[in-house]
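First the proteins, then the strands, lettered A, B, ... as listed; each starts at 1. What you see is a predicted model; the values in this text were computed from it and never measured.
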Amino acid sequence: MNNFLNDLNKEQRQAVEQTDGPVMVIAGAGSGKTRVLTYRVAHLYNSGVDPFNILALTFTNKASREMKERIIKLVGDGDARNIWMGTFHSIFARILRIEGHRLGYPSNYTIYDAEDSKRLIKAIIKEQNLDDKVYQANYVMSRISSAKSNLISASDYKNNFEIMNTDKMANKPKIGELYSIYQKRLKKADAMDFDDLLFNTNVLLRDFPDVLYKYQNKFKYILVDEYQDTNHAQYLIVKKLAANNENICVVGDDAQSIYAFRGANIQNILNFKNDYPDLKTYKLEQNYRSTKTIINVANGIIVNNKDQIFKEIWTDNDEGNKIQLLKASTDGEEGTMVARSVFENKMNEQLKNDAFAVLYRTNAQSRSIEEALRKANIPYRIFGGLSFYKRKEIKDLLGYFRLTINNKDEEALKRIINYPARGIGKTTLEKIIIAADKKNKSLWEIIEKSNDSELNLNAGTRSKLSTFAIMIKSFTAQLEKKNAYELGKHIASSSGILKEFYDDKTPEGISRYENIEELLNAIKEFSEKENTGEEVDGKSIHTLDEFMQDVALLTDADEKDKEETDYVSLMTIHAAKGLEFSYVFIVGLEENLFPSIQSLNSRTDLEEERRLFYVAVTRAETKLTLSYAENRYKWGNLTICEPSRFLEEVNEKYIEQPQRTIVKGRDKFSDNKLFSKPSTQGISGFRNKNLKKISSITSSSDGQFESDDSQDLQTGMAVEHSRFGKGKIINIEGNGSNKKATVFFKGIGNKQLLLKFAKLKIIG
DNA sequence: GAAGCACTACTTTTT
DNA sequence: GTAGTGCTTC
């Protein structure tokens with residue numbers, strides 16, 4: 001029974017068997033972190049701990065899904081399903097459904113996703129007559145979000161001199177006010193955003209001792225994955241829940257902390273021992289994943305960071321292949337080179353597609369890779385990006401579901417009240433919003449009473465509103481009676497959504513219709529899921545609101561494996577965390593892209609980018625390929641790029657002779673019809689298309705650098721721009737071809753101009 | 001109020 | 001390049 005523990009090395013085994021008391025595992029990349037976590041849970045289970053008493057928190061749905069599967073493999077299906085395992089957000093959303101009434105939330109509260117939050121914030125900025133150029137929704141949202149992650153409420157925010165002063169200095173003094181309006185609106189809609197799930201859980205545990213006591217007793221054993229990525233709110237929840245039993249095990253790697261941008265606090269792991277004097281710490285430094293070459297490169301990168309717990313990853317694996325470095329002239333060519341390299345390696349080593357992954361910094365980079373793989377007939381799959389549940393048509397239909405479940409859901413209502421068009425337009429909606437604000441009611445309550453109010457609506461509009469309200473109410477009435485699929489299908493057709501997409505015979509329309517069908521299929525599967533015997537919330541059928549509970553927190557569609565299971569994986573580095581692939585391509589290693597241009601201001605941001613690079617490198621088992629392009633399309637323009645500074649941190653001795661391989665490879669495979677035909681077409685196609693633009697840009701910029709004024713520009717000078725007119729230089733930054741000036745133009749405002757493109761004339 | 005067209009901001013990363 | 005917004009016309 002205990003023999004599976006023999007799979008573990010000494011440190012891993014110690015970490016697994018030390019079941020009681022506080023434990024921290026510092027687990028280097030590829031050192032068997034997930035294995036320790038899963039074995040630990042399995043070991044607890046086998047030692048007789050009641051699965052209901054185990055709480056395992058992960059960071060992503062994917063991680064929790066995988067962990068669940070692995071545990072079930074170890075201990076068998078059955079009782080182990082009762083372990084509380086999931087993401088922070090999903091676990092605490094679940095607790096809030098049970099306990100939220102204490103904070104004034106019904107159990108059917110809605111979870112707003114990032115898009116809903118942003119829309120609401122935008123709407124509020126507009127309603128407050130603030131300039132949306134000054135109060136950019138993204139900025140406001142991130143201020144509010146980081147406040148919430150640090151458990152600063154709207155009133156705390158407004159009472160905090162330092163915070164308010166920062167906003168004042170940034171010329172955005174109203175953010176505190178926007179925060180409190182935003183919270184009020186969420187509350188009125190019976191909605192929580194992602195941050196509220198953690199914030200409100202903290203309030204619950206802080207203000208209701210019986211709740212705290214209940215969950216402290218329930219969760220006798222707590223495990224936290226990726227602890228380095230927890231923010232303050234998450235840290236405190238874990239600390240409180242563990243306070244009684246102190247059977248807490250956190251696993252993490254400070255070198256892989258890549259979420260500081262959204263509030264993750266690396267100090268949580270660095271200071272963990274301060275909270276638990278009895279802490280037992282285990283370091284896992286042996287890597288089982290990668291070749292010596294890859295490990296050496298990774299160590300050579302991370303050593304450049306100042307902030308870290310010292311550890312050096314080592315491996316018993318072979319030396320392995322050298323690192324391949326690809327230099328492309330454009331992003332299109334980069335894609336082609338990657339595709340070719342995938343093909344060659346596949347042929348030479350007789351590999352399947354799923355041995356390969358292409359990792360990039362931003363989602364936008366996937367397109368050129370995708371194009372090249374498609375031309376080369378290599379199956380691929382993109383992870384992340386626009387996920388299934390974020391597509392417009394899906395969110396439209398989900399909007400109906402949401403409104404059915406929670407009539408007060410403001411964002412859902414605004415989304416669908418006139419979709420498909422039913423004659424309830426902007427003006428009417430504005431009147432409703434104003435009335436709702438005045439009476440401090442939800443939009444729904446105003447609509448319900450649209451007849452007897454002083455809304456000033458004409459009879460036609462009133463009847464349209466009441467038809468709409470009656471329809472939604474009829475859906476709501478069927479919530480408990482029909483199963484999720486029956487009701488879902490009924491809503492899809494009687495709302496007119498299905499017809500809307502069915503009538504659209506464009507390719508997009510057809511694909512939308514198919515997506516709707518796919519959603520309904522998923523609901524069908526859910527509805528027909530075997531009932532576990534015990535009744536969920538007293539219901540004997542699987543209802544729509546049950547289905548919807550998890551949907552807001554799903555990012556990847558958990559899409560059922562389609563026909564194709566053997567594909568090359570394309571994803572951002574963030575999404576690749578925790579995964580491993582035999583052959584890894586890291587593309588777009590260029591300054592301002594990776595490291596991201598927004599990270600260049602501070603050392604901490606740059607170090608986070610470096611950790612990101614470290615994470616990317618350590619995904620590779622057998623062979624690593626790095627690539628960059630000299631020119632890249634960014635927001636529609638061809639931009640000149642410099643190789644990333646991170647490339648300099650890779651010791652040359654680990655790098656294969658660049659270019660050589662490519663030329664050889666091309667010769668070797670030039671007689672292969674499958675590949676060479678489309679690919680050469682692809683290359684020449686791209687070349688021809690881009691050459692003109694490249695040459696025109698280089699020649700014009702060359703000309704500029706010799707003849708024009710851009711070298712002599714200085715802060716304070718008055719200049720003239722062909723389009724914006726006369727302006728004054730506020731700031732100059734960057735150098736070489738990336739030299740950038742901030743120029744103030746009268747009546748236009750500040751503009752950031754790349755000097756190699758902007759034709760600035762000095763006029764005084 | 002709706003549909004069609006032009007304009008602009010956007011791209012960091014995710015629950 | 002695209003989604004979202006805003007303007008114009010019916």
Report task. Take A:Arg402 and A:Glu411 through the test salt bridge (Lys or Arg N to Asp or Glu O under 4.0 Å) and record every step on the way to the result. Result -> CA-CA 9 Å; A:Arg402 279 168 52 175; A:Glu411 292 308 302; over 6 Å; no

Requested in this report: Just say parallel, tilted or perpendicular for the rings of A:Phe594 and A:Phe646, cut-offs at 30° and 60°.
Outcome: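 Perpendicular, since the angle between the ring planes exceeds 60°.
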
**Report entry** Residue closer to the 5' end of DNA chain B, A:Thr87 versus A:Glu609 (nearest nucleotide)
**Finding:**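 Mapping each residue to its closest nucleotide by heavy atoms, the 5'-most match is A:Glu609.
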
Requested in this report: Would you kindly compare A:Phe194 and A:Ser596 by the position of their nearest DNA chain B nucleotide and give the one closer to the 5′ end?
Outcome: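 Its nearest nucleotide lies further toward 5', so the answer is A:Ser596.
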
Hey, does [X] reach any base, or is it just sugar-phosphate, or nothing, if we go heavy atoms under 4.0 Å?
| X | answer |
| --- | --- |
| A:Asp229 | nothing |
| A:Ser599 | nothing |
| A:Thr60 | sugar-phosphate |
| A:Lys133 | sugar-phosphate |

**Report entry** Atom P, compared across C:dG4 and B:dT13: separation rounded to whole Å
**Finding:**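 My reading of the P atoms in C:dG4 and B:dT13 gives 16 Å.
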
Query raised in the report: Roughly how far apart, to the nearest Å, are C:dG6 and B:dT11 at atom C1'?
Result: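 Per the computed distance, 23 Å lies between those C1' atoms.
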
Query raised in the report: Under 4.0 Å: is that the gap between some side-chain N or O of A:Asn592 and OP1 or OP2 of B:dT11?
Result: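 Checking B:dT11 against A:Asn592, no side-chain N or O comes under 4.0 Å of OP1 or OP2.
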
Requested in this report: May I ask you to verify if any side-chain N or O of A:Thr572 is less than 4.0 angstrom from the OP1 or OP2 atom of B:dT14?
Outcome: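 A:Thr572 to B:dT14 OP1/OP2: side-chain N or O found under 4.0 Å.
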
Query raised in the report: Would A:Phe59 count as stacked on B:dT15 if the rule is ring centres under 5.5 Å and plane angle under 30°?
Result: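 By the stated criterion, A:Phe59 and B:dT15 do not stack.
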
Nearest to side-chain heavy atoms of [X], which nucleotide of [options]:
| X | options | value |
| --- | --- | --- |
| A:Asn418 | B:dT11, B:dT14, B:dA2 | B:dA2 |
| A:Ala421 | B:dA2, B:dT13, B:dT15 | B:dA2 |
| A:Gln136 | B:dT14, B:dT15, B:dC10 | B:dC10 |
| A:His574 | B:dG1, B:dT15, B:dT14 | B:dT14 |
| A:Asn363 | B:dT11, B:dA2, B:dT14 | B:dT14 |
| A:Tyr259 | B:dT11, B:dT14, B:dT15 | B:dT14 |

Report task. Return yes if some donor-acceptor pair links the side-chain N/O of A:Asn150 with the main-chain N/O of A:Ile152 below 3.5 Å, else return no. Result ->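 Not confirmed, A:Asn150 side chain does not pair with A:Ile152 backbone.
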
Report summary line: Quick tally for nucleotides 1-10 of chain C: nucleotides whose base has a protein heavy atom under 4.0 Å get B, sugar-phosphate-only ones S, the rest -, giving B---SS----

Query raised in the report: Side chains of A:Arg415 and A:Asp396: closer than 4.5 Å at any heavy-atom pair?
Result: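 The answer is yes; the side chains approach within 4.5 Å.
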
Query raised in the report: Hey, is A:Arg611 close enough to A:Asp254 for a salt bridge, meaning N to O under 4.0 Å?
Result: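 Looking at A:Arg611 and A:Asp254, the cut-off is not met.
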
Requested in this report: Determine whether the side chains of A:Ser329 and A:Glu630 contain a donor N or O and an acceptor N or O closer than 3.5 Å.
Outcome: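 There is no such pair (donor and acceptor under 3.5 Å, judged by atom type) between the side chains of A:Ser329 and A:Glu630.
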
Report task. Examine A:Phe261 together with A:His574 and report whether their ring centres are nearer than 6.0 Å. Result ->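 When the ring centroids of A:Phe261 and A:His574 are compared, they turn out to be within the sub-6.0 Å range.
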
